[in-house]
Amino acid sequence: MTKRDPDENGWLSSSQAWLDRMPETGDFAREFILDAPMTGRVAASGAKTMLDIGCGDGRFCRMMKAHGLQTFGLDPIAPFIARARARDPDGDYRVGFAEALPFGDATVDLTVFYLSLIDIDDMPTACREAARVVKPGGRVLIANLTSFFTSNGTTGWITGKDGRPYHPLGRYLEERADWVEWDGLRVRNWHRPLSAYMTALLDARLTLTHFDEPMPTGGPADRRARYRRTPFTMIMEWRKSL
Ligand SMILES: C[S@@+](CC[C@H](N)C(=O)[O-])C[C@H]1O[C@@H](n2cnc3c(N)ncnc32)[C@H](O)[C@@H]1O
C-alpha cells in the first residue's frame, strides 16, 4: 500500500481544535443523543472485546473500559492517539487506517465506528475490514450522521423566513467528499446516500440487527427542539454470521 498523507482529510491540521473543544462528557450529539443508546447496544451485545475504529482521543474506549470491556482504539491521527494514551496509559491505542486494520481475522467481539464512517475515504473496504476482524456472531456497531444531513454539509444551518433554523437537503444521490468547517475545524466529510452504506455492509456479508434514530435525552431546550425537527444521527448494528 502506498503511504498515505495523514492530513489528506484535514484531521491532522484540525486535531488541536478538536482536542480543545471536545469535553470528556462529549458534545451535544454524543452526551445527549448517542452515548446512552450506543452504551446500551454494547452492553446488550455481551461483547468482552471492542475495537473502536476512528477512535479520536479514545473517549468511547474509556467509557466502555469503565463498563468492563477490553478495548482497542485505532485512528490515523497521531495527536489523537497520544491524547488517548495520556488519558488511559495502560490502554491499547494504535495509529492506523480503517481500510487496513492491524488486527487478525476474528479477533474481537465488536467493532465500532462512532461518527467516523463519514470521515473514512474507502468506506466499503473499511466495512469489510470491520467485519473481518470480528468473531463469528460478533457485531459491527455504527453511529453515523444521517445522509439527509450530510447531503448539504457545506451550507449548514440557515434561518428560514419564519425565523427558525433549517438544514437544507442537496444533491442527495451524489456521493462525494465536501470540506466542512465548524468551531475552528476544517475537515473533509463524505456524503453518501444511505443506500451506499447499506450496500457496503451487505456486501461485507453482515446482517442488520438494530436500527435507531435516537431522540435527545437532555441538553438545552432549544438544541433539543432543533434536533427533534432536524435529527442528524442514526445507529445501526450489524451481525457477522456464525
Ligand atoms: C468525527 S471524529 C470522531 C472521533 C471519535 N470516534 C469520537 O466520537 O469522538 C472522526 C475520526 O475519524 C478518523 N478517521 C478519518 N479517516 C480515517 C480512516 N481512514 N481510518 C480511521 N479513522 C479515520 C479521524 O481521524 C477522526 O478521529
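Not measured: the values here are computed from a predicted model. When a ligand or atom number is given, it counts from 1 through the structure's own listing order.
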Glu129 side chain to Leu101 main-chain N or O, any donor-acceptor pair under 3.5 Å?
-> yes
Arg4 NZ/CZ over Phe97 ring centroid, <6.0 Å and within 45° of normal | yes
Scan side-chain atoms only and decide if Tyr93 and Asp57 contain a donor-acceptor pair under the 3.5 Å cut-off.
-> no
If you count the atoms of ligand 1 from 1 in the order shown, which ones are under 4.0 Å from a heavy atom of Ala98?
-> 18 (C), 20 (N), 21 (C)
May I ask you to check whether Glu237 and Thr209 show a side-chain donor-acceptor distance below 3.5 Å?
-> yes
Atom CZ of Arg205: over 12 foreign heavy atoms under 6.0 Å = no
Is the closest heavy-atom distance from Phe113 to ligand 1 below 4.0 Å?
-> no
Out of Gly54, Cys61, Pro76, who gets a non-hydrogen atom closest to atom 6 (N) of ligand 1?
-> Gly54
Does the N or O separation between Asp57 and ligand 1 drop below 3.5 Å for any pair?
-> no
Within less than 4.0 angstrom of ligand 1, does Phe60 place any heavy atom?
-> no
Report yes or no: does Arg139 contribute a side-chain atom to a donor-acceptor pair with the main-chain N or O of Arg41 at less than 3.5 Å?
-> no
Identify, for atom 15 (C) of ligand 1, the protein heavy atom at the shortest distance, and state residue, atom and that distance.
-> Asn9 ND2, 3.5 Å
Cation-pi check, Arg226 to Trp157: give yes when NZ or CZ is under 6.0 Å from the six-membered ring centre and within 45° of the ring axis, no otherwise.
-> yes
Answer yes or no: does an N/O atom from Glu99 fall short of 3.5 Å to an N/O atom of ligand 1?
-> yes
For atom 25 (O) of ligand 1, the closest protein heavy atom turns out to be Asp75 OD1, 2.7 Å
Quick one: does ligand 1 sit under 4.0 Å from the side chain of Asp119, the backbone, both or neither, non-hydrogen atoms only?
-> both
In this structure, atom 18 (C) of ligand 1 is nearest to the protein heavy atom Ile120 CG1, 3.6 Å
Please state which protein non-hydrogen atom is closest to atom 1 (C) of ligand 1 and give its distance, to 0.1 Å?
-> Leu115 O, 3.3 Å
Hey, looking at atom 3 (C) of ligand 1, which of Arg30, Glu129, Met22 has the closest heavy atom?
-> Arg30
Looking only at distance, does Ser116 have an N or O less than 3.5 Å from an N or O of ligand 1?
-> no
Is it true that Asp35 and Arg30 have a side-chain N and a carboxylate O under 4.0 angstrom from each other?
-> no
May I ask you to establish whether Arg229 and Tyr166 are in a cation-pi arrangement, using a distance under 6.0 Å from NZ or CZ to the six-membered ring centre and at most 45° from the ring axis?
-> yes
Between Thr150 and Arg192, does a side chain to side chain contact (heavy atoms under 4.5 Å, CB included) hold up when you go through it step by step?
-> CA-CA 8 Å; Thr150 60; Arg192 304 174 175 107; over 6 Å; no
Just jot down the ligand 1 atoms closer than 4.0 angstrom to any heavy atom of Gly56, in number order.
-> 4 (C), 5 (C), 27 (O)
Assess the pair His191 and Phe149: is the distance between their ring centroids shorter than 6.0 Å?
-> no
Would you please determine whether Ile77 falls within less than 4.0 Å of ligand 1 on a heavy-atom basis?
-> yes
The answer for which part of Trp11 has a heavy atom under 4.0 Å from ligand 1 is side chain
Heteroatom distance test (Gly96, ligand 1): nitrogen or oxygen, under 3.5 angstrom | no
At under 4.0 Å between heavy atoms, what of Cys55 touches ligand 1? The answer is backbone
